[in-house]
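Position 1 is the first residue of the sequence, and the numbers go up from there. Side-chain atoms are counted along with the backbone in the values below, which use heavy atoms only and exclude waters and symmetry mates.
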Amino acid sequence: KGSETPLSKKLNGLADWITNSSYVLAVLIIIGRIVWYFVSYDTDFSSGDFWIDFVSYLLKTIMIAVTLVVVAVPEGLPMSVTLSLAFSMRKLMKSNTLPRTMHACETMGAASVICTDKTGTLTKNQMEVAESKLDNVDEKLLAEMIAVNSTASLDFANKNAVKVIGNPTEGALLLWLNKKGNNYLDIRENTAVIETLPFSTENKYMATIVNSSILGKKVAYVKGAPEILLTMSDIDATTKAAYEAALTDYQHKAMRTLALGYVELGNNESVIENGKLKNVKLKSVGVFAIHDDIREGVKESIQECMKAGIAVKIVTGDNPVTAVEIGRRLGLWTEADGEKNIITGTELSKLTDKQLEERVMDLKIIARARPMDKKRLVDALRRLDQVVAVTGDGTNDAPALNAADVGLAMGNGTQVAKDASDMIIQDNSFSTTASAVMWGRSLYKNIQRFLLFQLTVNVAACFLVLFGAFLGTESPLTVTQMLWVNLIMDTFAAIALSALPPQKSVMDEKPRDPKAFILDKSMLQNIFGVGGFFFLMLLILLIIFQHTEITSMKDLLNFSFGERSHVTTYELTLLFTIFVMTHMGYMFNARGYKTGGSGWNLKGCDGFLLIATVVTLGQIAIVQVPFLNDFFNVQALPLFDWVVIFIMGFMVTGIREVYSLIKK
């Protein structure tokens, strides 16, 4: 839609933060190593050898600094985001949702308000006439009136389950007519249509002028909202009161109502002008109450969304009484709700934008809504920094679908609605919409888990190289080793953590603040706390290696400090391998972050387990295979050392599991 999504805004802010931090660390490394060089250099600064050595040292320092910048920036993040979005798209497609844009998956998880249609989304969209109140009207005339004044048709391909083609409400009248043994097609073929006035949300009625074969004259048949047609009818006050009582009863049963009437015309008489009926006094025929059951699972999904802190608003063309009854059945409308929680399209049109913004968060039901009412609702919510999802199926819904953060078109909707949407709900059910929210929230958690893991690695690596520079040693991790760390901890970890299965527990949380930093307080504590712990552990090992010669991991149990000495290849190999394997253990912690479960629970995480295995075998190969360990400046380690290192990696995950159990 040409605007940033909630996720892209957060990632742009994170990119700036990481970039600036990595530049600062790189500059500190260069300054620290240069200062150390001048402090420790004993030869005359004016000698040629000094400048040759200095230039060589400076180039190596710049190389280390540039490599650190490469390591610090999680370039696997775009891949992680894309993989997570693509994985979610694939899974959503298997659950009756067709995302048309990748970012719609994540944005749906940020939704704080869902504006939903009623018919077909909350209900089954299988309309049937439940009750009727009819005047003494000729059955043949009633049949003609229903058959010709309709845009719907019936599909008799399956005689055991006749389907409606077109408007379900109009189709319900045709089904009622068919059950009474009337063939609507024969009636249409034998009745000459002169003029039609299509239904519109402004008029709330439709009309068809025909040469009636029953009355033998020109007649205008009218069908529409009872409150409109009753005012146009020639009925007396007593009859009108009886109708209104029946309508109130139907509406309290959450039934949609339709009224029928007609007027006889002269041969040259016309009652349609400027898209409206003019100067007519209809002969009332009666009213029909049409029932549409609530879909299975929709009430539970509404409750799930409300529990997740998402405001659900029903936007419907039904009258307020019917809409409230539907809301009550869904658990959306409670005894505590009143006039401030419902508004009609006419009332909404009288509000200024400022007045609408003041009321919009309280609204639960918008009844007798017109096409632009839904768009105004969406615009007001977005001005209040709400992340809005909208469902719709008609051409009139396209403006609202396009204006929303996520537009959800129904599978049986018009092509215009689908083109304006970000997702297509193929089964037309609100339950599928709630499922999309869960996937979107889980996707965001996966991105956070990757960032938690990657930035923890970066903190440990960057500070180790930084302090190593100030200690005056050779870089604890060589350029090739740092690039390997970058590959496995960034790229491979991105793949492993991006495709974790969704967690239903995310629906117990409130919608996240779209303005909040992607790294929350808990993540920052883990990044700097755990990253700092790894750094201190490795720094202590580095200092020990500098002041005593270690030839086996057993020597760490009994060593004594001596004079500073050169760190051997074996010791640097230990440092490098401990770094990799302890962080691999931490990847399991990241997998379990904010799941409420164990990091060792790998159900549905086949890809994660495969990558963890590949990385572990790769690290063993780098250290043990001759031509590889030469390239990475390491040497083979004995079996005992490997056992100890694996135990250290296991303890990283084990400590988290024990802590979680104690916390519970």
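D236 contributes a side-chain N or O that, together with a main-chain N or O of T238, makes up a donor-acceptor pair within less than 3.5 Å. Using modelled atom types, one side-chain atom of R441 and one backbone atom of E509 make a donor-acceptor pair closer than 3.5 Å. Counting only distance, with no hydrogens or angles, the side chain of N203 and the backbone of G275 share a donor-acceptor pair below 3.5 Å. Formation of a donor-acceptor pair under 3.5 Å by the D422 side chain with backbone atoms of G407 is found in this model. With D419 contributing its side chain and V416 its backbone, the two residues share no donor-acceptor pair below 3.5 Å. A donor-acceptor pair under 3.5 Å is formed between the side chain of Y184 and the backbone N or O of L154. Counting only distance, with no hydrogens or angles, the side chain of S88 and the backbone of L85 share no donor-acceptor pair below 3.5 Å. Judged purely by atom type and a 3.5 angstrom limit, S233 has no side-chain atom pairing as donor or acceptor with the backbone of K283. The backbone N or O of K418 lies less than 3.5 Å from a partner atom in the side chain of R100, making a donor-acceptor pair. Judged purely by atom type and a 3.5 angstrom limit, R376 has no side-chain atom pairing as donor or acceptor with the backbone of L356.
Under a 4.0 Å N-O distance rule, the pair K364/D337 qualifies as a salt bridge. Ion pair K374/D117 flagged as a salt bridge, since at least one NZ, NE, NH1 or NH2 atom sits closer than 4.0 Å to an Asp/Glu carboxylate oxygen. Comment: E304 does not engage K307 in a salt bridge, judged by the lack of any side-chain N to carboxylate O separation of less than 4.0 angstrom. A salt bridge links K253 with E131: the distance from a Lys NZ or Arg NE/NH1/NH2 to an Asp or Glu carboxylate oxygen falls below 4.0 Å. The existence of a salt bridge linking E144 and K140 is excluded, since no basic side-chain nitrogen approaches an acidic carboxylate oxygen closer than 4.0 Å. With salt bridges taken as basic N to acidic carboxylate O contacts below 4.0 Å, one links D373 and R370. The residues E195 and K218 are annotated as not salt-bridged, no charged nitrogen and carboxylate oxygen being separated by less than 4.0 angstrom.
More than 12 heavy atoms of other residues, nucleotides or ligands lie within 6.0 Å of CD in Q415, so this atom counts as buried by the packing criterion. For M93, the CE atom is loosely surrounded, since the number of other residues' heavy atoms within 6.0 Å does not exceed 12. Few gaps surround CD on E244; more than 12 heavy atoms of other groups in view lie less than 6.0 Å from it.
Here the closest heavy-atom approach between residue K375 and residue P399 is recorded as CD-CB, 3.6 Å. Across every non-hydrogen atom of G411 and I424, the tightest pair is CA-CG2, 3.9 Å. Closest approach of I209 and A220 over heavy atoms only: CG1-CB, 3.9 Å. Contact detail for A147 and L174: the closest heavy-atom pair is CA-CD2, 4.3 Å. Of all heavy-atom pairs spanning V315 and C115, the tightest one is CG2-CB, 4.3 Å.
Contact of the M255 side chain with the I290 side chain is not registered, since no non-hydrogen atoms from C-beta on lie closer than 4.5 Å. The side-chain heavy atoms of S429 and V298, taken from C-beta on, include a pair separated by under 4.5 Å. Put simply, the side chain of M206 does not reach to within 4.5 Å of the side chain of P198, judged on heavy atoms. Under the 4.5 Å side-chain criterion, counting only non-hydrogen atoms from C-beta, W176 is in contact with I146. Between L384 and V360, the closest side-chain pair of non-hydrogen atoms falls below 4.5 Å. Annotation: side chain of K313 is not in contact with side chain of I365 (no heavy-atom distance under 4.5 Å). Between V162 and L175 there is a side-chain heavy-atom pair separated by less than 4.5 Å. Counting only heavy atoms from C-beta outward, the side chains of I235 and L230 approach each other to under 4.5 Å.
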In sequence, state the C-alpha distance, the side-chain angles, and the governing distance for L229 and V222, and then conclude on side chain to side chain contact (heavy atoms under 4.5 Å, CB included).
-> CA-CA 8 Å; L229 265 64; V222 185; 4.1 Å; yes
D427 and T432: side chain to side chain donor-acceptor pair (under 3.5 Å), yes or no, with the steps?
-> CA-CA 8 Å; D427 63 355; T432 305; 2.8 Å; yes
Worked check of side chain to side chain contact (heavy atoms under 4.5 Å, CB included) between R359 and Q355 | CA-CA 7 Å; R359 281 199 63 182; Q355 290 172 328; over 6 Å; no
Test D234 against L282 for side chain to side chain contact (heavy atoms under 4.5 Å, CB included), laying out the working first.
-> CA-CA 6 Å; D234 59 357; L282 299 176; over 6 Å; no
Should V129 and L173 be marked as a side chain to side chain contact (heavy atoms under 4.5 Å, CB included) after you check the CA-CA gap, both sets of side-chain angles, and the distance that decides it?
-> CA-CA 7 Å; V129 174; L173 295 182; 4.0 Å; yes
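Checked by atom type, the side-chain pair D508/S505 shows no donor-acceptor distance below 3.5 Å. For the residue pair D405 and T107, no side-chain donor N or O sits within less than 3.5 Å of a side-chain acceptor on the partner. In the model, R256 has a side-chain atom that pairs as donor or acceptor with a side-chain atom of T169 under 3.5 Å.
For the atom pair CG of L381 and OG of S112, the computed distance is 7.5 Å after rounding to the nearest 0.5 Å. Of the inter-residue distances, the one linking L330 atom CG with E300 atom CD reads 9.5 Å to the nearest 0.5 angstrom. With rounding to the nearest 0.5 angstrom, the CD1 atom of I114 is 11.5 Å from the CE atom of M306. S435 contributes atom OG, which lies 9.0 Å from atom CG of N96 (distance to the nearest 0.5 angstrom). From F156, atom CZ reaches atom CG of N178 across 4.0 Å, with rounding to the nearest 0.5 Å. Atom-to-atom distance recorded for N319:CG and Y250:OH is 13.5 Å, nearest 0.5 angstrom.
Within the structure, the side chain to side chain donor-acceptor pair (under 3.5 Å) test picks out the following pairs touching residues 284-294 (sequence neighbours left out): T123-D292, Y243-S284, H291-D293. Residues in residues 160-179 take part in these salt bridge (charged side-chain N to carboxylate O under 4.0 Å, His left out) pairs, two or more places apart or across chains: E170-K223. Each side chain to side chain donor-acceptor pair (under 3.5 Å) pair with one or both residues in residues 260-271, not counting sequence neighbours, appears once here: K217-E264.
The residue from V113, I310, T116 that alone fulfils the side chain to side chain contact (heavy atoms under 4.5 Å, CB included) condition with C305 is I310. Considering I342, I314, I326 as possible partners of W333, the one that fulfils the side chain to side chain contact (heavy atoms under 4.5 Å, CB included) test is I342.
T208 meets the side-chain hydrogen bond (donor to acceptor under 3.5 Å, both in side chains) test with N149; sequence neighbours excluded. For E357, the salt bridge (charged side-chain N to carboxylate O under 4.0 Å, His left out) partners at least two apart in sequence or on another chain are R383. Residues passing the side chain to side chain contact (heavy atoms under 4.5 Å, CB included) test with S442, sequence neighbours excluded: M438, P502, V506.
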